[in-house]
4 protein chains.
Amino acid sequence: MVDNILEAAALVLSEKGYAGMNTNLVAERAGVSVGSVYQYFPHKDSLIAALHERHASHMHQVIDAVLGASNKASLRSQIESMVRALLAAHLVEPKLHQVLEREFPFFDAPQADSETDQGIAKRVRALLGQFKAQIRPRNLDLAAWVILKITESMVHAAVIDPPRGFSVSEVEKAIVEAVMGYLGGIRGPENASPNP
Amino acid sequence: MVDNILEAAALVLSEKGYAGMNTNLVAERAGVSVGSVYQYFPHKDSLIAALHERHASHMHQVIDAVLGASNKASLRSQIESMVRALLAAHLVEPKLHQVLEREFPFFDAPQADSETDQGIAKRVRALLGQFKAQIRPRNLDLAAWVILKITESMVHAAVIDPPRGFSVSEVEKAIVEAVMGYLGGIRGPENASPNP
Amino acid sequence: MVDNILEAAALVLSEKGYAGMNTNLVAERAGVSVGSVYQYFPHKDSLIAALHERHASHMHQVIDAVLGASNKASLRSQIESMVRALLAAHLVEPKLHQVLEREFPFFDAPQADSETDQGIAKRVRALLGQFKAQIRPRNLDLAAWVILKITESMVHAAVIDPPRGFSVSEVEKAIVEAVMGYLGGIRGPENASPNP
Amino acid sequence: MVDNILEAAALVLSEKGYAGMNTNLVAERAGVSVGSVYQYFPHKDSLIAALHERHASHMHQVIDAVLGASNKASLRSQIESMVRALLAAHLVEPKLHQVLEREFPFFDAPQADSETDQGIAKRVRALLGQFKAQIRPRNLDLAAWVILKITESMVHAAVIDPPRGFSVSEVEKAIVEAVMGYLGGIRGPENASPNP
DNA sequence: GATGAATGAGTATTCATTCAT
DNA sequence: AATGAATGAATACTCATTCAT
């Protein structure tokens with residue numbers, strides 16, 4: 001029932017946007033009565049929140065799968081996998097993600113301190129810890145935040161407002177370059193840190 | 001009159017968010033009648049759009065000022081200036097920017113192909129052209145887009161959802177590092193994956 | 001509930017006319033909430049339409065009752081009964097009919113091809129068929145239309161804009177004369193222009 | 001200027017109906033400012049009233065022209081001319097008359113006791129006086145009212161809601177028959193007054 | 001007289017939410 | 001738990017009218 005309602009909400013949201021979404025319509029689409037919607041969701045916004053949470057949780061899974069514990073791949077390779085997986089995940093229901101990210105990227109979305117988001121941050125931090133010796137930033141918490149923001153925002157930008165004339169794979173490459181560039185690594189001073 | 005109304009809209013939006021904003025309230029705050037609001041703004045959303053446009057235009061000015069034609073500073077130094085200026089500009093009316101970016105990052109925002117946005121992109125592209133020899137990306141259009149997205153999204157993130165425990169200047173530095181890292185320097189791609 | 005709302009609408013319409021009628025007032029009068037009005041009537045005008053339809057349907061009943069199948073009376077006598085019954089029916093809620101006919105004689109009224117109107121026309125046509133030999137007009141469809149229009153409009157005129165100085169019974173007689181005169185009798189067309 | 005505005009009002013009314021008509025639009029169509037509209041018409045409804053008056057006055061002229069003093073034609077012939085002229089006059093701007101008659105046949109229209117209407121009634125009464133000896137009704141005032149109502153309403157019906165399948169000339173004939181039938185004339189009792 | 005920017009009372013309509021069944 | 005009719009506060013938007021220029 002919960003899933004049924006949530007699926008209907010996602011459908012309506014994709015088709016009509018937030019402005020065109022209303023609880024009665026969601027109920028109708030789900031084939032249940034409004035009352036039932038309110039049995040499981042205290043108010044309209046909790047539907048949006050649940051959708052966000054579902055999305056975040058999905059992303060969490062995707063990241064976990066890719067950065068799985070026994071992963072022996074290189075840093076770049078793992079970053080590449082993560083970016084590719086995230087892009088792919090967002091391109092599954094593009095309409096829904098467009099609405100979700102375009103109209104309410106933060107609205108009732110899992111806060112940075114939510115368990116899910118913490119989980120994601122923790123996973124990325126672990127990755128950085130694994131390659132601590134090879135990267136330039138010393139503050140791994142800040143670095144994890146930066147990497148997540150870069151990845152998140154560029155993936156969203158690529159889905160919502162794709163740069164004209166560039167393919168998804170070019171964008172993917174660019175995101176990886178940005179992240180890797182930021183992490184800098186063991187390169188010489190003239191490049192990774194050009195100022196004294 | 002238009003400015004007056006827009007100012008009132010910004011005020012109300014800052015205080016109450018989109019949900020708490022209504023045309024009558026905006027009119028009241030502006031000290032004019034609702035009719036006058038509708039004389040200049042066809043509907044409620046056009047207020048939001050105008051606010052976005054105003055913001056974008058403001059950022060355009062800021063960037064133009066910093067990356068002004070006669071600038072002889074180094075690439076890093078110019079990027080630093082730009083990031084610092086943008087962060088500063090966003091911290092002037094933090095509440096307003098929070099609402100604007102949190103609730104409507106794309107909604108009715110100037111499109112990527114708007115004149116203002118084009119102007120900004122052009123300015124950044126020119127900067128990259130100036131230092132073409134020193135940076136790794138060959139496609140300057142894509143690079144400009146990436147840099148703008150990184151900067152934009154990290155500035156927004158810093159304003160909307162600041163990372164706990166880090167100061168603005170630390171964030172500023174991180175943004176610059178990300179951008180500079182992405183631009184990479186004069187070496188070939190083998191330096192992009194320093195780990196085995 | 002529907003009847004309740006409709007009754008309230010009739011009341012408000014009678015008292016204040018269309019200009020003074022508003023859905024909130026109708027709801028209040030009906031002792032229900034506006035929402036309930038909109039549950040059953042998609043918009044304000046559908047209230048008017050329903051009132052018209054109700055009226056037309058009522059007239060249908062009146063005519064059916066009077067021109068009932070087993071009626072053995074003369075043509076004139078049946079016409080007299082019909083006119084008398086229609087006049088009486090209109091004088092029950094004169095205020096309402098005044099508004100309905102004065103402001104909206106055709107507006108959203110049952111169309112000539114509506115089932116109700118068809119029913120009425122059919123009934124009158126049957127009457128003419130019954131006395132076909134005694135009347136002049138050969139095209140009974142046209143004749144039925146003419147008779148209905150004469151009756152309708154004169155009854156309405158008598159209710160809305162009664163001729164000063166004449167009693168209802170005089171008007172009733174005049175209507176009957178007009179109809180009977182039109183039907184003409186058993187003679188040929190030469191009797192239709194009795195003057196040289 | 002007055003005519004200009006009135007013409008614009010007629011145009012707007014024809015195109016958009018009463019609901020779609022507003023003073024600002026009328027002013028715009030007339031190529032003047034709203035203020036000027038209010039210089040000559042105290043309020044919106046006076047525009048409608050003026051249009052009605054204009055129409056009534058026009059009909060007055062038409063009737064006067066046809067029933068002109070020196071007319072020596074037969075009663076039937078004069079009635080025929082009148083009906084034909086009225087039908088023709090209504091078919092000139094059918095859209096406008098539809099709106100005028102459909103939505104506001106009486107609304108702010110010249111009252112039965114207005115000078116214009118009195119003039120028309122007087123003219124018809126004079127006609128009846130001329131043929132007093134040949135017609136059945138003894139009360140000429142009532143007869144004039146009946147004839148006008150029949151003619152008016154059937155002409156309107158023919159314009160607004162024309163009977164399907166009948167040509168204008170058939171309708172014209174039917175109206176004449178109805179009027180002539182009502183006037184009855186010198187026919188025998190078995191027909192003009194079949195009941196004892 | 002002509003203008004048209006400003007006014008603001010007025011209203012149709014929506015939709016999140018409740019609760020008796 | 002499920003239903004869905006009923007609720008009614010809330011609000012975007014209109015447009016007749018005014019009046020300073």
Side-chain angles (χ1 to χ4, degrees), chain A residues 1-2 4-5 12 16 18-28 30-48, chain B residues 1-2 4-5 18-28 30-47, chain C residues 1-2 4-5 12 16 18-28 30-47, chain D residues 1-2 4-5 12 16 18-28 30-48:
Chain A
M1 171 76 78
V2 171
N4 181 22
I5 292 170
V12 171
K16 319 215 171 194
Y18 183 76
M21 174 195 182
N22 69 270
T23 50
N24 290 286
L25 189 53
V26 169
E28 192 184 318
V32 302
S33 82
V34 228
S36 295
V37 172
Y38 279 86
Q39 194 85 42
Y40 299 103
F41 300 92
H43 43 246
K44 186 190 177 185
D45 289 350
S46 51
L47 282 169
I48 309 277
Chain B
M1 170 77 74
V2 171
N4 181 21
I5 292 170
Y18 184 74
M21 173 194 184
N22 72 270
T23 50
N24 290 288
L25 189 53
V26 169
E28 192 184 317
V32 301
S33 82
V34 226
S36 293
V37 172
Y38 280 89
Q39 190 104 45
Y40 300 102
F41 300 92
H43 40 246
K44 190 187 173 185
D45 288 349
S46 52
L47 285 169
Chain C
M1 170 76 74
V2 170
N4 182 20
I5 292 170
V12 171
K16 319 218 172 192
Y18 184 75
M21 173 194 183
N22 71 269
T23 49
N24 289 286
L25 189 53
V26 169
E28 192 184 316
V32 302
S33 81
V34 226
S36 294
V37 172
Y38 280 88
Q39 190 101 45
Y40 299 102
F41 299 93
H43 41 246
K44 189 187 172 184
D45 289 350
S46 51
L47 284 168
Chain D
M1 171 79 76
V2 170
N4 182 21
I5 293 170
V12 171
K16 320 216 170 190
Y18 184 75
M21 174 194 183
N22 70 269
T23 50
N24 290 287
L25 188 53
V26 169
E28 191 185 319
V32 301
S33 82
V34 228
S36 295
V37 173
Y38 279 86
Q39 194 86 40
Y40 300 103
F41 299 91
H43 43 246
K44 186 189 175 183
D45 289 349
S46 50
L47 281 170
I48 309 277

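Protein chains get the first letters and strands the later ones, always in sequence-line order, with residue 1 at the start of each.
You'll find that the side chain of A:N22 is closest to E:dA16, out of E:dA16, F:dA6, F:dA2. Each of F:dA12, F:dT3, E:dT7 was ranked by its minimum atom distance to the side chain of A:V32; first place goes to F:dT3. Proximity note for B:H43 (side chain, C-beta onward) versus E:dT17, E:dA2, F:dC13: the nearest is F:dC13. Comparing F:dT17, F:dA1, E:dT13 by their nearest atom to the side chain of C:V34 picks out E:dT13. Counting only heavy atoms from C-beta on, B:K44 has its side chain closest to F:dC13 among F:dC13, F:dT18, E:dT14.
For the atom pair NZ (C:K44) and CG (C:N22), the distance works out to 7.0 Å, reported to the nearest 0.5 Å. For the atom pair CG (C:L25) and NZ (C:K16), the distance works out to 5.5 Å, reported to the nearest 0.5 Å. A distance of 9.5 Å separates CG of A:L47 from OH of A:Y18, quoted to the nearest 0.5 Å. Interatomic distance, D:F41 CZ to D:I48 CD1, rounded to the nearest 0.5 Å: 11.0 Å.
B:Y40 has a side-chain polar atom (N or O) that falls below the 4.0 Å cut-off from OP1 or OP2 of E:dA6. For B:S33 and E:dG8, the shortest distance from a side-chain N or O to OP1 or OP2 is not below 4.0 Å.
Using a 4.0 Å heavy-atom distance criterion, C:F41 is classed as making no nucleic acid contact.
One interatomic measurement links the two molecules: NZ of D:K16 to P of F:dT14, which rounds to 13 Å at whole-angstrom precision. Atom-to-atom, CD of D:E28 to P of E:dA5 comes out at 12 Å; the value is rounded to the nearest Å. Straight-line distance from the OH atom of D:Y38 to the P atom of F:dC19: 13 Å, rounded to whole Å. When the P atom of E:dT14 is taken as reference, atom CD of C:Q39 falls 12 Å away, rounded to whole Å. Regarding A:Y18, its OH atom lies at a distance of 11 Å from the P atom of E:dC15, rounded to whole Å. One can place CG of B:D45 at 15 Å from P of F:dT11, the figure rounded to the nearest angstrom. One atom, CG of C:N24, and another, P of F:dT11, lie 15 Å apart when rounded to the nearest Å. Atom CG of C:L47 and atom C1' of E:dA12 are 12 Å apart (whole Å).
Here the shortest heavy-atom pairing between A:I5 and A:V32 reads CG1-CG2, 4.3 Å.
Position along DNA chain F of the nearest nucleotide to C:G31 versus B:M21 favours C:G31 as the more 5'-ward residue. Checking B:S36 against C:T23, the closest nucleotide of DNA chain E that is more toward the 5' end is the one next to B:S36.
E:dG4 is paired with F:dC19 under the Watson-Crick or G-U wobble criterion, all donor-acceptor distances under 3.5 Å. The nucleotide E:dT11 finds its pairing partner in F:dA12, both defining distances of the Watson-Crick or G-U wobble pair being shorter than 3.5 Å.
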